[in-house]
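Notes follow the structure.
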Amino acid sequence: MENKIEVKDGKMVVPNKVVIPFIEGDGIGQEITFAMCQVVNIAVAKCYGGEREILWKEVYASSKAEKFFHTPLPDETLTAFKEYVVGIKGPLFTPISGGRRSLNVALRQDLDLYACVRPVKYYAGISSPVKYPEKVNMTVFRENTEDIYAGIEWEAGTPEADKFYRFLQDEMGVTKVRFPNTSSFGVKPVSKEGSERLIRSAMEFALKNRKPSLTLVHKGNIMKFTEGGFKKWGYELCEREYKDQCFTMNSYDQIKNEQGVDDAKQALADAKAAGKLIIKDVIADAFLQNAILYPADYSVIATLNLNGDYVSDLLAAQVGGIGIAPGANINYTSCHAIFEATHGTAPDIAGMNIANPCSMFLSAVMMLEYIGWTEAAQAIDVAIQTCFSEGKATSDLATGMDHAEALSLSQFTSQLINKL
Ligand code: NAI
């Protein structure tokens, strides 16, 4: 099909002129999305001399969709993301209590985009609250369809909450709800299939990119069957499907118990020397501490939804904040993917031409890499690094940088385009 990505045997076939649907987004979305399209067009033109081109197709969500279609998420938008396989979006407004469900969650669930992928690395020149930000180089795989994202909750005082409590008490013998009359209830589903497909994606990524380790971050000490299941199924999957390519700390413990600590240490050293991927796990709260104290110990992270939410923002803060943290939501089986800036709509600075567009630019970098246009991806990445090294940045970053020039969004975009 002309200009459309096709998926054959689980792999994408990308035409040289490819349609990419995009959602502009609310708040600062319009400004940063426009800048992103400009930057990508120039990078693609420079790298491929007209042989390749992105044909942008605007699709609508939130306020713009309500204006044109009288609904926040028209079927046309979902159909376009399904049909064209890969797309990109700006941030979307979500009402906090009541009202409609989050459009981001709706897109991820409708397309079953089960992996939220957040790479976090440091760009020299940016100020950081930690001493050695250059040691932070991690990619977080956050499960996107289960856990708290399943959204199974009942509000205190409703007949549903009451019915659920009675079920817990009468049918399940639960006696530990401290204040039943004023409790809201939430259910956290975590499945073997859901955990395995996420961890498999993280494994494939780690092996393809020759990463040293994959860490399963969980809270299995408290939630034994959900978070603990994630850890157990993760280790089992790695030992079953990637036996020759990895060494798990699970097997380290087994060797230690059966043969002693020296043999276990030797087996680990041998695995590292053979270039095997090391699979380990850590409790979520310990990870949040270790990620600041010993960031170099971690590389690829696989975790459930809520942990992943905290982990990705903590890591982003170490390298300059959410203004430069990119993200993607991917189904590695169907190849469907939506790339997005990870920050919100920033209503306080919308329309002021001061937003930092780098999260959006770097999401586009991830998208170009994903479709195999790596030269264009690299060109943008290098141009961003050059700008920061020369002290050119938007004001959110420039205020903390030495001898930096605080540029508006459009000035920064022009500088970046010059570097391309
Ligand atoms: P936010 O990320 O929009 O803003 C938090 C703070 O960071 C604000 O001070 C803002 O000015 C600043 N900021 C954010 N992006 C920036 C950028 N690119 N450059 C410079 N400064 C930036 O988070 P908030 O205020 O909690 O959420 C606002 C709205 O965005 C809400 O409706 C929320 O639901 C939505 N949201 C949407 C997301 C998405 O579409 N992926 C993600 C997070 C929030």
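For the single chain, residues carry numbers from 1 onward in sequence order. Start at 1 and go down the list; that is how both ligands and their atoms are numbered.
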Residue contacts for ligand 1, heavy atom to ligand atom, distance under 4.0 Å: I28, K89, P91, L92, F93, T94, N104, I322, E340, A341, T342, H343, G344, T345, A346, P347, D348, I349, A355, N356, D396
Establish, yes or no, whether the cationic atom of K280 lies under 6.0 Å from the six-membered ring centre of Y298 and within 45° of the ring axis. yes
Nearest 0.5 Å, please: how far is CG in D75 from NZ in K82? 8.5 Å
For Y310, what residues pass the ring pair (Phe, Tyr, Trp, His ring centres under 6.0 Å) criterion, not counting sequence neighbours? none
Between Y332 and F205, ring centroids under 6.0 Å: no
Those residues at least two apart in sequence (or on a different chain) that pass salt bridge (Lys or Arg N to Asp or Glu O under 4.0 Å) with R240 are E196
Scan residues 312-322 for pairs that pass salt bridge (Lys or Arg N to Asp or Glu O under 4.0 Å), counting only residues two or more places apart or in two chains. R118-D313
